[in-house]
Amino acid sequence: MTPETDDISTAAAGADRPTIRTVGVDGLLVSFGARLSEPANRAALAFRDAVEAAGWDGVAESSTSLVSTYLRFDPVHADHETLRAALGDLLAARDWYAAPLPDGRRFWRIPTVYGGDHGPLLDEAAAAAGLTPEAAIESLSTSRVRVQTIGFAPGQPYLGELDEAWDIPRQKALTARVPEGALTVAIRQMVLFSVSTPTGWRHVGQTALRLFRPDADTPFVLRPGDEVLFDAVTPEELDNMRQAGPDGGATFETIR
């Protein structure tokens with residue numbers, strides 16, 4: 001698999017061919033697509049795991065976005081040319097679009113109340129998807145989705161992809177504020193909010209899981225590559241789970 005080097009046109013054309021770009025004086029970005037897709041997200045996650053396993057001298061950190069892997073390095077101990085060559089060799093080693101996802105991922109079940117005061121835009125989102133509210137809840141609560149990236153706010157996951165019916169646009173106007181733990185939907189993705197904030201995503205459900213715990217050893221609860229099922233529960237059940245602690249009834253098991 002031959003990468004394009006600093007060639008924006010290949011990614012812009014949507015070709016399944018990775019690109020390597022320079023990011024400032026101490027960064028490199030490997031992109032696997034111009035838009036989100038399952039293979040491109042898979043490639044970014046698998047490639048970042050391989051970079052971490054390689055343990056190259058001078059690499060200070062790595063991370064992923066929806067379709068890219070980012071490396072930041074210490075310019076005293078590494079340089080763009082050396083790392084670019086190493087990245088090119090690693091890219092050529094396999095088809096990253098079909099690579100296995102990293103080990104150590106987890107499957108989460110997160111109790112969620114859909115509709116009503118807990119998801120005031122469920123009916124609107126369902127109509128946009130061509131579904132009844134009941135069918136929308138069935139679809140959302142039985143869709144096992146992947147944490148594609150963490151962004152916008154501390155510990156906040158973007159999850160997908162949902163069925164094509166959920167390729168609905170964001171709202172034209174912002175919702176003034178959704179609460180922490182709000183589950184929202186648009187463009188075949190879910191966003192689970194780690195903080196209370198305005199948003200253009202439609203609020204369809206509510207969880208009691210605290211995603212951002214700044215005083216914990218691991219402040220972000222979910223990680224890219226984790227998988228999630230948002231199980232439907234009643235408001236009373238969620239209230240009881242909320243009283244039990246910051247997990248809000250959420251449980252996980254390691255994916256093997």
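Here the structure is a predicted model, which is why all the values come from computation and not from measurement.
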Side-chain donor or acceptor of [X] paired with backbone N/O of [Y] under 3.5 Å:
{"X": "Ser139", "Y": "Ala135", "answer": "no"}
{"X": "Arg106", "Y": "Val228", "answer": "no"}
{"X": "Ser143", "Y": "Leu162", "answer": "no"}
{"X": "Thr22", "Y": "Leu28", "answer": "no"}
{"X": "Thr112", "Y": "Ala232", "answer": "no"}
{"X": "Gln171", "Y": "Gly200", "answer": "yes"}
{"X": "Thr64", "Y": "Ala44", "answer": "no"}
{"X": "Thr82", "Y": "Ala78", "answer": "no"}
{"X": "Glu227", "Y": "Val145", "answer": "no"}
{"X": "Arg105", "Y": "Gly225", "answer": "yes"}

Could you grab the distance from atom [atom1] of [X] to atom [atom2] of [Y], nearest 0.5 Å is fine?
{"X": "His80", "Y": "Leu87", "atom1": "NE2", "atom2": "CG", "value": "10.5 Å"}
{"X": "Ile150", "Y": "Ser65", "atom1": "CD1", "atom2": "OG", "value": "12.0 Å"}
{"X": "Glu237", "Y": "Arg242", "atom1": "CD", "atom2": "CZ", "value": "13.5 Å"}
{"X": "Arg48", "Y": "Trp96", "atom1": "CZ", "atom2": "CH2", "value": "13.0 Å"}
{"X": "Trp201", "Y": "Leu174", "atom1": "CH2", "atom2": "CG", "value": "13.0 Å"}
{"X": "Phe47", "Y": "Leu90", "atom1": "CZ", "atom2": "CG", "value": "4.0 Å"}

Residue Glu61 excluded, over 12 heavy atoms near CD under 6.0 Å: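 Yes, the 6.0 Å shell around CD holds more than 12 heavy atoms from other groups.
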
Residues Arg146, Glu161; criterion salt bridge (Lys or Arg N to Asp or Glu O under 4.0 Å); working and verdict: CA-CA 7 Å; Arg146 180 192 303 159; Glu161 286 185 301; over 6 Å; no

Residue pair Glu52 / Ser62, side-chain donor-acceptor N/O under 3.5 Å: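 Checked: Glu52/Ser62 side chains pair up, N/O donor to acceptor below 3.5 Å.
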
Polar side chain donor-acceptor pair, Ser31 to Arg21, under 3.5 angstrom: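 Distance-only check passes for Ser31 and Arg21.
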
Just list the side-chain donor-acceptor pairs under 3.5 Å for residues 243-256, sequence neighbours left out, or say none.
unit_1: Asp247; atom_1: OD1; unit_2: Arg213; atom_2: NH1; d: 3.1
unit_1: Asp247; atom_1: OD1; unit_2: Arg213; atom_2: NH2; d: 2.7

Lys/Arg N to Asp/Glu carboxylate O, Asp167 vs Arg188, below 4.0 Å: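 Arg188 and Asp167: not salt-bridged.
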
Over all atoms of both residues, closest heavy-atom pair of [X] and [Y]:
{"X": "Val67", "Y": "Ser37", "value": "CG1-N, 4.4 Å"}
{"X": "Leu29", "Y": "Val23", "value": "CB-CG2, 3.7 Å"}
{"X": "Val178", "Y": "Ala182", "value": "CB-CB, 3.8 Å"}
{"X": "Pro111", "Y": "Leu238", "value": "O-CD1, 3.8 Å"}
{"X": "Ser194", "Y": "Pro154", "value": "OG-O, 2.7 Å"}
{"X": "His77", "Y": "Gly58", "value": "CB-CA, 4.0 Å"}

Residue pair Arg202, Thr184: steps toward the side-chain contact (heavy atoms from CB on, under 4.5 Å) verdict: CA-CA 5 Å; Arg202 288 177 173 85; Thr184 65; 5.8 Å; no

Trace of the side-chain contact (heavy atoms from CB on, under 4.5 Å) decision for Met190 with Tyr158: CA-CA 6 Å; Met190 293 170 158; Tyr158 288 72; over 6 Å; no

Quick one: do [X] and [Y] end up in the same hydrophobic cluster if we chain Ile, Leu, Val, Met, Phe, Trp and Tyr together by side-chain heavy atoms under 4.5 Å apart?
{"X": "Leu140", "Y": "Val113", "answer": "no"}
{"X": "Tyr70", "Y": "Leu91", "answer": "no"}
{"X": "Phe212", "Y": "Ile110", "answer": "yes"}
{"X": "Val233", "Y": "Leu209", "answer": "no"}
{"X": "Phe73", "Y": "Val30", "answer": "yes"}

Heavy-atom side-chain proximity of Arg210 to Val221 below 4.5 angstrom: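 Not touching, per the 4.5 Å side-chain cut-off.
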
Heavy-atom check, side chain of Gln148 versus side chain of Pro224, under 4.5 Å: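 No, too far: nothing below the 4.5 Å cut-off.
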
Member of Leu222, Leu192, Leu45, Asn41 meeting the side chain to side chain contact (heavy atoms under 4.5 Å, CB included) criterion with Val147: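 Going through Leu222, Leu192, Leu45, Asn41 one by one, the side chain to side chain contact (heavy atoms under 4.5 Å, CB included) with Val147 is satisfied by Leu222 alone.
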
Residues Phe32, Thr19; criterion side-chain contact (heavy atoms from CB on, under 4.5 Å); working and verdict: CA-CA 7 Å; Phe32 293 91; Thr19 62; over 6 Å; no

Worked check of side-chain contact (heavy atoms from CB on, under 4.5 Å) between Ile187 and Ile168: CA-CA 5 Å; Ile187 54 174; Ile168 63 175; over 6 Å; no

His203-Phe193 aromatic ring centre distance below 6.0 Å: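 Between His203 and Phe193, the centre distance exceeds or equals 6.0 Å.
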
